[in-house]
K.L.:
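Structure provided below as structure tokens; questions to follow.
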There are 4 protein chains.
Amino acid sequence: MPGVGEKVDVLDHGFVRLDAAEATDLSVVNGARVSFLQFKDEMADRDHKLIRFLMREKHASPFEHNLFRFHVKCPIAVGREWMRHRWSSFNEHSLRYSEAIDTFYVPAPEQIRTQTGKPGAYTFVPMEGETADQVRGMIEAQYRQAWDSYRSMLELGVAREVARLVLPVGLYTEFYWTVNARALMNFIALRNAEAAMWEIRCYGEAVESFFATLMPSTHEAFVECGRVAP
Amino acid sequence: MPGVGEKVDVLDHGFVRLDAAEATDLSVVNGARVSFLQFKDEMADRDHKLIRFLMREKHASPFEHNLFRFHVKCPIAVGREWMRHRWSSFNEHSLRYSEAIDTFYVPAPEQIRTQTGKPGAYTFVPMEGETADQVRGMIEAQYRQAWDSYRSMLELGVAREVARLVLPVGLYTEFYWTVNARALMNFIALRNAEAAMWEIRCYGEAVESFFATLMPSTHEAFVECGRVAP
Amino acid sequence: MPGVGEKVDVLDHGFVRLDAAEATDLSVVNGARVSFLQFKDEMADRDHKLIRFLMREKHASPFEHNLFRFHVKCPIAVGREWMRHRWSSFNEHSLRYSEAIDTFYVPAPEQIRTQTGKPGAYTFVPMEGETADQVRGMIEAQYRQAWDSYRSMLELGVAREVARLVLPVGLYTEFYWTVNARALMNFIALRNAEAAMWEIRCYGEAVESFFATLMPSTHEAFVECGRVAP
Amino acid sequence: MPGVGEKVDVLDHGFVRLDAAEATDLSVVNGARVSFLQFKDEMADRDHKLIRFLMREKHASPFEHNLFRFHVKCPIAVGREWMRHRWSSFNEHSLRYSEAIDTFYVPAPEQIRTQTGKPGAYTFVPMEGETADQVRGMIEAQYRQAWDSYRSMLELGVAREVARLVLPVGLYTEFYWTVNARALMNFIALRNAEAAMWEIRCYGEAVESFFATLMPSTHEAFVECGRVAP
């Protein structure tokens, strides 16, 4: 169970690192107890029940008095879904202000999957080994060409913001993500879920493991209430 | 200069207490340096310049990777302005779930002021001593009557949520307020300002003193840039 | 079924009026169909199914491409709950910039209820007729005294923002509320609900009736999915 | 001056189309006049002054009671900056749910620029003609290869969400963007500005032209107040 300062590796070159946190189950309990002006210094048994009650009845505001600050490295394609979450703060590696780094996401052979089902009915069916290897080769070749083209343009003196136009969404990016437990649960509910793209689901799992470490009672209540954010 | 766990008294019975924080100037610097993937363990001289640059150029997102959790006690009239700030989390004492507490705001004699100027052109002109005393007496009398009426209804078994209808907006309330430095600066810019109601300005000052303690370089840049939130 | 420009009376002196709207079921369908770059000029049968699918699977963003602008008159006590909804825009009658208006909420006799149950387990038990009448008398008397005190202070030249301290939360206020269907459904789910205070529930019903008029298919799906906002 | 239903072409294949709007200067005026409970049916001369006053004094909330719904087509690189704006609603063409479309952004020769200055000090220096042509050729070649690789993978049956990993951020995407005038002004202030990437600035100009059409008095006040969002 990872904690503050620790890093969970995700995919071939990515990670989720918890840079800082001010997040405890007690902050939820005291957030709720403001209603009665009764505050506590530590969790008691009935406080776990209170957290479950809040989760079930969708009294969501007590889950907001905390902070998780993550440092994330993920493919741009994953980052684009991530940054649609608006009750969040982001700062990202800039391809205008600095040069790209030569790190791309190549799915493992067993992650090369076929197109199946219709939109919204997500089914993960891996391709057979030989085709998977062929596809990985195609992806890698294309990444190499894009990178060479990018570097050649930079050498010609082309502005980074122009040269990066050829870089693929499989390129890794990095960002800071600061979020409270309520928004975090919404992220986990949507992204560590069956209908989510496999890759972002891996990140959703990593994020959830930090959440479970720091706020175990809140996490337990979240799971018991069907993994629906309050 | 007050810090975490400390309390600043405001008005006759109110306070601002910083319950918890994860807020440093360094978090701003590292938030900005994500752009270049260069992180730092401590502030250097040029980082103060960076913070000023971010403030001046309205690069606001690096100011969001932090948290202040305040416990506030203030008159309802003040709280109503406060809770209009939306990039914030609140939990408040409930007059449905628990009984009111007999604490009301009576302005000090020198705070009893006249109506002057037109809306938006706020001028604070104190009334003369005798009238001020008379007005304070009227306010106190009215509070007492409202309180007696409230208590009588509770004794008749009336629901708290009905009985509280007679309670005045001069009654004190309490709440938790969780906020990041960007939203905090917006609050300070609007509320610790000349055009603000005198009472909320006192709270704005208290809040600002905590901000200045925890993020001195950010606060200095905020002041230098004309106290405008980025 | 009320529409744009119409007003629904609520409580003894309040109302909800829909000042303007740009809100159709079609906007939800087209919001979702952006995913496929297939847009439509009018609703077809299968689009009702699409809306239900979006609601059930919590694909919430297509419900945001619309606007309802309400003009609301309600007691301050109700307005305080209302303005905790943050994905909303508000402008309210100011008791700093203009004088209060002599309109107060007095619950009808059958709304004078007892305190029962514990917090979160809301039960509405009316008091018997005679006590109810007595309580209404107490509330009215207290309103009258507060009003007289307020007026006397204004006549002495006291600033409106000071004099209003004695005004009770049963005073009516007015505000503009602009909101999209997603945030509107969240409001309705929480406020037109059993656990809500009876008075705000009346406003929740009024708001819901406008929503049902303008976006009938979305409203139907909301009801079918258990009145949970997506 | 473009209005509702009209489309402004941007870059080589992009556009901004205003799909719907409920946005007038009068909505700002009435939003502000709620403070006094004085509403108007049409703009008068002094209302233009009121709008300027609100803009200058950063009374921002009256600018929120309106809606602009845009349909945008832009390169992914531009869309990534756009979707960082959080007081906004987005729905975007999905490369998981549907196939990509073969449309890429190739900067015009005079837009092929050199890397100059340091981050934050943006200077646009075009490259000389021959090199510009060479660079355009490199970009086009790379787009073609990426597209061929994408199509080949789809033909092998690879899932769209995997195949798209090789697609570059110069690919066009489309989305719906719904926003109010306050958030719109923030977008314009940051994106139709000297420090912004040239391409998003073109979109900022297009967006601003619609804003100026629908809310001419508000736009004028925005310009007079130094193009700073209130």
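Labels below follow one simple rule: chain letters A, B, ... track the order of the sequence lines, proteins then strands, and each chain is numbered from 1.
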K.L.:
Atom OG1 of C/Thr178 and atom CG of D/Asn180: how far apart are they, to the nearest 0.5 Å?
P.N.:
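Result: 8.5 Å between the selected atoms.
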
K.L.:
Looking at chain C, which one of D/Phe175, D/Trp87, D/Trp177 has the largest number of heavy-atom pairs inside 4.5 Å, strictly under?
P.N.:
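Maximum pair count with chain C is reached by D/Trp87.
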
K.L.:
Please state whether the side chain, the backbone, both or neither of D/Phe39 comes within less than 4.5 Å of a heavy atom of chain C.
P.N.:
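Contact with chain C involves the side chain of D/Phe39 alone.
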
K.L.:
Among residues 68-83 of chain C, which ones touch chain D with a heavy-atom distance under 4.5 Å?
P.N.:
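Under the 4.5 Å heavy-atom cut-off, C/Arg69, C/His71 qualify.
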
K.L.:
Measure the spacing between CD of C/Gln38 and OG of D/Ser98 and express it to the nearest 0.5 Å.
P.N.:
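Here the interatomic distance stands at 8.0 Å.
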
K.L.:
What are the residues of residues 10-26 of chain D, in order of number, with any heavy atom under 4.5 angstrom from a heavy atom of chain C?
P.N.:
D/Ala20, D/Ala21, D/Glu22

K.L.:
Pick from D/Pro62, D/Ser89, D/Ser35: which one has the most heavy-atom pairs with chain C under 4.5 Å?
P.N.:
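Heavy-atom pairs under 4.5 Å are most numerous for D/Ser35.
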
K.L.:
Once you round to the nearest 0.5 Å, how far does CG of D/Asn91 lie from CZ of C/Arg33?
P.N.:
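Reported value, rounded in 0.5 Å steps: 13.0 Å.
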
K.L.:
Which atoms form the tightest heavy-atom contact between C/His59 and D/Tyr97, and what is the distance?
P.N.:
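Scanning both residues, the minimum pair turns out to be CE1-OH, 4.0 Å.
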
K.L.:
If you count heavy-atom pairs under 4.5 Å between each of C/Glu174, C/His93, C/Arg96 and chain D, which one has the most?
P.N.:
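Going by pairs under 4.5 Å, I would pick C/His93.
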
K.L.:
Is C/Thr173 close to chain D through its backbone or its side chain, or both, or neither, when contacts mean heavy atoms under 4.5 Å?
P.N.:
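No part of it gets close to chain D.
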
K.L.:
Using heavy atoms and a sub-4.5 Å threshold, report which of residues 200-209 of chain C line up against chain D, by residue number.
P.N.:
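Residues qualifying by a heavy atom under 4.5 Å from chain D are absent, so none.
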
K.L.:
According to salt bridge (charged side-chain N to carboxylate O under 4.0 Å, His left out), who are the partners of C/Lys40, at least two apart in sequence or on a separate chain?
P.N.:
C/Asp47

K.L.:
Find the distance between CZ (C/Phe36) and CD (D/Glu99) and round it off to the nearest 0.5 Å.
P.N.:
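Separation between the atoms: 12.5 Å.
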
K.L.:
Considering only heavy atoms, which portion of D/Leu95 lies under 4.5 Å from any heavy atom of chain C: side chain, backbone, both, or neither?
P.N.:
neither

K.L.:
Given that the side chain runs from C-beta out, which part of D/Glu92 has a heavy atom under 4.5 Å from chain C: side chain, backbone, both or neither?
P.N.:
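Just the backbone, heavy atoms under 4.5 Å.
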
